[in-house]
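Heads up, the thing below is written out as structure tokens.
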2 protein chains.
Amino acid sequence: MAMNLNNSKKDKINKGLKMWEQAKKLIPGGNGLLSKRPERYAPDIWPAYFSKAKGVEVWDLDNIKYIDMAYMGVGTSILGYSDNDVDAAVKTAIDRGINTTLNAPEEVYLAKKLVELNPFAGSVKFTRTGGEAMAVTVRIARAYTGRDKVAFSGYHGWCDWYLAANLSGENKLEGHLLPGLFPKGVPAGLRGTALPFEYNNVEAFKELVSRHKDIGTIVIEGARYSLPSREFIQVIKSVAQENKMVVIFDEITSGWRITDGGVYKKIGFQPDIVVYGKAMGNGFAIAAIVGRHEVMDAAQDSFISSTFWTERVGFVAALATIKKLIQNKVWEHLIGVGTKIGEGWESLAKKYSIKLHVTDFKPLITMKFEYDKLNSAIATLFIQEMLKKGYLASTSVYVSYAHTNKIVEQYLKSVDEVFAIISEAINTDSVYQKLETKVKEEGFKRLT
Amino acid sequence: MAMNLNNSKKDKINKGLKMWEQAKKLIPGGNGLLSKRPERYAPDIWPAYFSKAKGVEVWDLDNIKYIDMAYMGVGTSILGYSDNDVDAAVKTAIDRGINTTLNAPEEVYLAKKLVELNPFAGSVKFTRTGGEAMAVTVRIARAYTGRDKVAFSGYHGWCDWYLAANLSGENKLEGHLLPGLFPKGVPAGLRGTALPFEYNNVEAFKELVSRHKDIGTIVIEGARYSLPSREFIQVIKSVAQENKMVVIFDEITSGWRITDGGVYKKIGFQPDIVVYGKAMGNGFAIAAIVGRHEVMDAAQDSFISSTFWTERVGFVAALATIKKLIQNKVWEHLIGVGTKIGEGWESLAKKYSIKLHVTDFKPLITMKFEYDKLNSAIATLFIQEMLKKGYLASTSVYVSYAHTNKIVEQYLKSVDEVFAIISEAINTDSVYQKLETKVKEEGFKRLT
């Protein structure tokens, strides 16, 4: 692998990566979120840290400005960074106090709003992070059904109930989570309690359930790269009804992006519980478990309580975010812009004869290069060249309300130029030679 | 029980309790934190919700102002409500963006500060809530030791690893957590993985360890109502060394209140990991796991990652709070004021011949009435009468930096008058007759 690090560029991005080196010594893994590791983009040139952000613009520690055509706070900043309306509401709340011996009324207002937006539901619980919300949800479902076994598809966080799937010794989470992920520190007694099945694979699901009649809970993602098929949903519905299983839609990633709530609204399916997080507070930490009253009420038979769940900022941010989402039907904008990006990629790929596949879920539009072992290197080259043009780019874009058509058009002009480089690199077998950085990491890997 | 509800009072507090009735329909248990339930104070008259708060003052939904001589945000607001310095730092961070695709440098600054303040430690991980922090800590300890069994004393949150202690069928958490708490929804496979022992009971601890040689982790609270005894700590130290066990100090409640960090600093004991939460961000949601590098590094062998752990507000709030704590040696103020409150209670109890015991940990000063089955009713009468005098009071006070000597002196004048009422009620056997509310709940109970 050639490492022709351009010195001027290297100097420019020095501060962020220098801080990252320090971070890796102080924090195991360098930070609190895998998706924010520079190693997952372009390890030797990614700016790593921000100083400020507004709309879709992000400034790094060297005060270089980038347009975010990548993860927008890993799916959190759905309205754009530092949204004036949400931030004004939060700052007013801060001035009036955020955490007292008495309760914040916004906890009730937000619960009311979420029940209104999810008519199947009667009750709500809040947490501050998505992983925590899923652990509370599984606790409630297990308390309600009295059955420990959970069948699931997709990614649902770091907690024991989920990672238990890998205790079998095989890498059961392969395809759901990340390659290379082992469940060290997850108690062996949980073996056999978390059972994965493939998304949209009806036969695999049926087969799993026929082998484990004592499954009490089914957990699926609202969407990741594609929507659940009608048949898949129908089978889940009938199996769940027949066996009195609780169905949970994890909409932490998919929520608010194609409806005024979950993807489940679009596909005509009523889960027992839907879980929201990420986008709901436009970057502020808040997650919600919204479910049928009868199921949710089982929460009262268990101890589920935490100090910071009652802090005001999260509720206030979510109320302001949801208000703006609905007033502007933001999801329509996200679908439109995501479609435009996807079509742009496809058309440019055709222009340069690049083999790539664009996935279906528009607000988290994703391209997958189709060159087998070369895919990661090509993606890295894309990120590297886009970075030079002032973009934080990736093979996925979490579209935000701040992504205007004009921004997308300018972005696609840059993609045009970068696809030309990629095409030439592929055709001349020189992808690695063109890289000025190590190749991005895809899986879960110990950092050194 | 007489229910002579004073109508004018009842009208005044109507809004908060009205909202609480609504809350209980929408949210199982009414809110996210047991300690903020009005049922735990004075069920029929407690104001329940706040509109604003500043210093030690809290306004309810009817705009009635109270002085908080109770829980100060359940231990979170150590500097007082709406602290100007912390809030200014947070608002600046909000203006500059809180959650982008790049990392917040304050995550590194805070890690650095915590390692500096905890010289035994080399690494830090952050979460947003205390329960979550303890679950991450236990995951790391289990990954490091390769042993699932955890011996613990005290309260450590809602997560499975801890509630598993009650799976034995007996109420093992009695005395540690709350009476009436059952572990519905906790997988049966965790039975035998969480083993409680009594705080400061050397023999009980030794006996437990002798029966379970495969314990990998010992978890104790830094302090709750009393400090760990020297002998208790010495035994834990030697047993842990001998058996290569990891020792965790849960200082979520005790941290920052008697030192510039944990209680462990005062008693000359080096844990492997210390956990902070509550007070560290003056009300904003942030928790930290601070530990020896060798142990913490096991985090890299497990998947521990969550989006909102990387949001900027928590780091910024903690940096500003810690700075102010240290600049003003706030813990000295807390100890001084807590001592003054405790001595005030004792002296007034003597004056009125009320039997009560005041506990040792000054910054969370606590009085325990000694009338057996009458204790809860007496405590309720205390809360009720203090409420009439404009205080949110309880039998515990989380002292804050905003509690001045003058405030405490005025408070003690009110306690004097209320103790007179209590004394008379006890002597005339009319405690229940004097109550204008149901008696406070002490344990964990389904709300209806």
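Chain letters run A, B, ... following the sequence lines, proteins first and then strands; every chain starts at 1.
- Per-residue heavy-atom pair counts under 4.5 Å with chain B were compared for A:Ser306, A:Gly314, A:Ala143, A:Gly277, and the maximum is reached by A:Ser306.
- In this structure, the side chains of A:Thr100 and B:Tyr81 come closer than 4.5 Å at one or more pairs of heavy atoms.
- Interface remark: of the candidates B:Asn282, B:Val138, B:Val136, B:Ile252, B:Val136 forms the most heavy-atom pairs closer than 4.5 Å to chain A.
- In this structure, no portion of A:Phe315 lies under 4.5 Å from any heavy atom of chain B.
- A side-chain donor from one of B:Lys36 and A:Asn99 sits under 3.5 Å from a side-chain acceptor of the other.
- Taking 4.5 Å as the limit, every side-chain heavy atom of A:Val186 sits out of range of all side-chain heavy atoms of B:Arg142.
- Interface residue A:Lys278: backbone and side-chain heavy atoms are both found under 4.5 Å from chain B.
- Looking at heavy atoms from C-beta onward, B:Lys112 lies in side-chain contact with A:Gln22 at the 4.5 angstrom threshold.
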| task | Go through the steps to decide whether A:Leu102 and B:Leu392 satisfy the test side-chain contact (heavy atoms from CB on, under 4.5 Å), and finish with yes or no. | result | CA-CA 9 Å; A:Leu102 304 182; B:Leu392 299 180; 4.0 Å; yes

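- Among the candidates A:Ala48, A:Ala70, A:Gly130, the residue making the largest number of heavy-atom pairs closer than 4.5 Å to chain B is A:Ala48.
- Using a 4.5 Å cut-off between heavy atoms, A:Thr129 contacts chain B through both its backbone and its side chain.
- Contacts between B:Thr307 and chain A at a heavy-atom distance below 4.5 Å involve backbone atoms as well as side-chain atoms.
- Among B:Thr193, B:Leu190, B:Ile140, the residue making the largest number of heavy-atom pairs under 4.5 Å with chain A is B:Leu190.
- Highest contact tally toward chain B, considering only A:Gly73, A:Ala121, A:Ser35, A:Ala188, is held by A:Gly73 [criterion: heavy-atom pairs under 4.5 Å].
- Taken to the nearest 0.5 Å, the CD1 atom of A:Ile27 stands 7.5 Å off from the NZ atom of B:Lys125.
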| message | Does B:Lys91 form a side-chain contact (heavy atoms from CB on, under 4.5 Å) with A:Asp87? I'd like the steps, not just the answer. | response | CA-CA 9 Å; B:Lys91 287 193 279 183; A:Asp87 290 0; over 6 Å; no

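- Side-chain atoms of B:Phe303 and A:Asn166, non-hydrogen and from C-beta on, never get closer than 4.5 Å to each other.
- Between B:Leu61 atom CG and A:Asn103 atom CG the span is 10.0 Å, to the nearest 0.5 Å.
- Between B:Glu132 and A:Trp158, the closest side-chain pair of non-hydrogen atoms falls below 4.5 Å.
- The candidate from B:Ala53, B:Gly192, B:Ala285 with the greatest count of non-hydrogen atom pairs under 4.5 Å with chain A is B:Ala285.
- The residues B:Asp95 and A:Lys52 are annotated as not salt-bridged, no charged nitrogen and carboxylate oxygen being separated by less than 4.0 angstrom.
- Contact tally against chain A (heavy-atom pairs below 4.5 Å) for B:Ala23, B:Ala104, B:Ala111: the top residue is B:Ala104.
- With a threshold of 4.5 angstrom between heavy atoms, A:Thr145 does not approach chain B through any atom at all.
- At least one side-chain heavy atom of B:Phe284 sits less than 4.5 Å from a side-chain heavy atom of A:Ile98.
- Taking OG1 of A:Thr76 as the start and CZ of B:Phe308 as the end, the distance is 6.0 Å to the nearest 0.5 Å.
- For chain B, the nearby part of A:Val58 is the side chain; its heavy atoms alone come within less than 4.5 Å.
- A distance of 13.0 Å separates CG of B:Leu26 from NZ of A:Lys113, quoted to the nearest 0.5 Å.
- If you run side chain to side chain contact (heavy atoms under 4.5 Å, CB included) between A:Ile94 and each of B:Val313, B:Val90, B:Val86, only B:Val90 comes through.
- B:Arg37 CZ to A:Ser305 OG: the interatomic distance, rounded to the nearest 0.5 Å, is 7.5 Å.
- Proximity to chain A is absent for every atom of B:Ser394, based on heavy atoms less than 4.5 angstrom apart.
- For chain B, the option among A:Val74, A:Ile289, A:Ile286, A:Thr127 with the highest count of heavy-atom pairs below 4.5 Å is A:Ile286.
- Once rounded to the nearest 0.5 Å, the distance linking OH of B:Tyr49 with CD of A:Glu107 reads 6.0 Å.
- For B:Arg312, the part lying near chain A is the side chain, with the backbone staying farther off; criterion is any non-hydrogen pair under 4.5 Å.
- If you check the side chains of B:Asp68 and A:Thr101, you find a donor sitting under 3.5 Å from an acceptor.
- A heavy-atom distance below 4.5 Å is not found between the side chains of B:Asp160 and A:Asp160.
- If you measure heavy-atom distances from B:Val115 to chain A, the contacts under 4.5 Å come from the side chain alone.
- In terms of modelled atom types and a separation under 3.5 Å, the side chain of B:Ser123 and the main chain of A:Pro28 share no donor-acceptor contact.
- Taking each heavy atom of B:Gly189 and A:Asp148 in turn, the nearest pair found is N-OD2, 4.5 Å.
- Within the 4.5 Å cutoff, the side chain of B:Arg96 has no heavy atoms near those of the A:Ser82 side chain.
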